[in-house]
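Single-structure report; data block below.
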Amino acid sequence: MQINVSVVTPDGKVYDGDVDMVSVRTIEGELGILPRHIPLVAPLTVGAVRLKKGTTVEKVAVSGGFVEVRPDQVTILAEAAELPSGIDVDRAQEAKKRAEQRIETNKKDEIDFKRAELALRRASNRLDVASSK
Ligand code: ATP
């Protein structure tokens, strides 16, 4: 038995397929979902969605949003999501560098610091997912 997973962003659908298991990073931690899971909705943080099929695991980089779980269907509504093949590594490296510089120079401004920290997490997550192809 499999579970259907779709990953949707404001720009369109990034993934739609049947998998054996999917895991997502919620704000409370990693959540592994098998078919017939109880229904729930949970907020997501920056992280990788792992799609397990047999012995293979595909990853999708997700930058926040929500997961909606139904017994036969998981919908991930993401602010941004990319498959490894859709990640521009140079762009993520540049974004990471910029964020690190802002963290170094903006230590006193809490809002700028938090924004830079989130940008750093998005860029690092993209680099992790891109390197897993
Ligand atoms: P950047 O500073 O490079 O714009 P960001 O983390 O601020 O990065 P987001 O606001 O998360 O970017 O995303 C904006 C849009 O750009 C989304 O559609 C996202 O999928 C896309 N995107 C961002 N970074 C990359 C990347 N490295 N490769 C491919 N698409 C990306």
Side-chain angles (χ1 to χ4, degrees):
M1 190 178 185
Q2 291 193 313
I3 189 162
N4 179 259
V5 179
S6 63
V7 181
V8 183
T9 76
D11 298 327
K13 204 171 261 191
V14 171
Y15 182 90
D16 192 345
D18 294 332
V19 303
D20 298 325
M21 181 180 170
V22 53
S23 69
V24 296
R25 180 96 68 86
T26 78
I27 57 170
E28 286 177 9
E30 196 76 17
L31 173 68
I33 305 154
L34 291 164
R36 301 201 181 104
H37 197 283
I38 51 160
L40 65 84
V41 172
L44 299 177
T45 183
V46 176
V49 169
R50 282 160 215 274
L51 303 154
K52 212 171 155 205
K53 260 189 276 184
T55 55
T56 66
V57 180
E58 267 187 283
K59 287 191 192 176
V60 183
V62 167
S63 304
F66 288 91
V67 61
E68 185 198 19
V69 181
R70 283 186 279 140
D72 59 346
Q73 163 96 55
V74 174
T75 307
I76 292 158
L77 300 164
E79 285 159 28
E82 303 94 32
L83 291 162
S85 58
I87 294 174
D88 179 337
V89 171
D90 289 343
R91 176 174 167 181
Q93 271 164 350
E94 287 302 315
K96 183 169 182 241
K97 232 186 280 169
R98 274 199 313 279
E100 282 167 346
Q101 278 160 3
R102 271 185 293 159
I103 286 168
E104 269 310 300
T105 52
N106 284 344
K107 278 188 180 140
K108 287 180 212 109
D109 186 329
E110 210 176 311
I111 293 171
D112 270 5
F113 186 83
K114 282 202 173 130
R115 284 183 55 186
E117 220 172 30
L118 268 172
L120 177 58
R121 282 169 54 195
R122 290 195 300 274
S124 302
N125 182 43
R126 286 182 176 120
L127 292 172
D128 274 0
V129 168
S131 70
S132 73
K133 347 181 210 204

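First listed ligand is number 1; within each ligand, the first listed atom is number 1. Note that the structure is a prediction, hence the values are computed from the model and not measured. Values below: all heavy atoms of this structure, side chains included; hydrogens, waters and symmetry mates excluded.
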Exercise for the section: Verify the cluster assignment for Phe66 and Leu51: are they in a single hydrophobic cluster under the rule of side-chain heavy atoms below 4.5 Å apart? Expected result: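 Phe66 does not cluster with Leu51.
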Problem - Crowding at CZ, Arg115 (>12 non-hydrogen neighbours, <6.0 Å) - result: no
Sequence neighbours left out, cut at 3.5 Å: what donor-acceptor pairs do the side chains of residues 28-38 make with other protein atoms?
| residue | atom | partner | partner atom | Å |
| --- | --- | --- | --- | --- |
| Glu30 | OE2 | Ser23 | OG | 3.2 |

Problem - Side-chain ion pair, Glu94 and Lys97, N-O less than 4.0 Å - result: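 Salt bridge flag = yes for Lys97 with Glu94.
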Handout entry: Listed partners of Asp20 passing side-chain hydrogen bond (donor to acceptor under 3.5 Å, both in side chains), at least two apart
Key =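 So Asp20 forms a side-chain hydrogen bond (donor to acceptor under 3.5 Å, both in side chains) with Gln2.
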Practice task
Could you list the residues that satisfy side-chain hydrogen bond (donor to acceptor under 3.5 Å, both in side chains) with Arg121, not counting sequence neighbours?
Solution key: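 Applying side-chain hydrogen bond (donor to acceptor under 3.5 Å, both in side chains) to Arg121 gives Thr45.
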Handout entry: Near ligand 1, at a heavy-atom separation below 4.0 Å: residues by chain and residue number
Key =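 Around ligand 1, where the cutoff is 4.0 Å for heavy atoms, the contacting residues are Asp11, Ala80, Glu82, Gly86, Ile87, Asp88, Arg91, Ala92, Ala95, Arg98, Arg122, Arg126.
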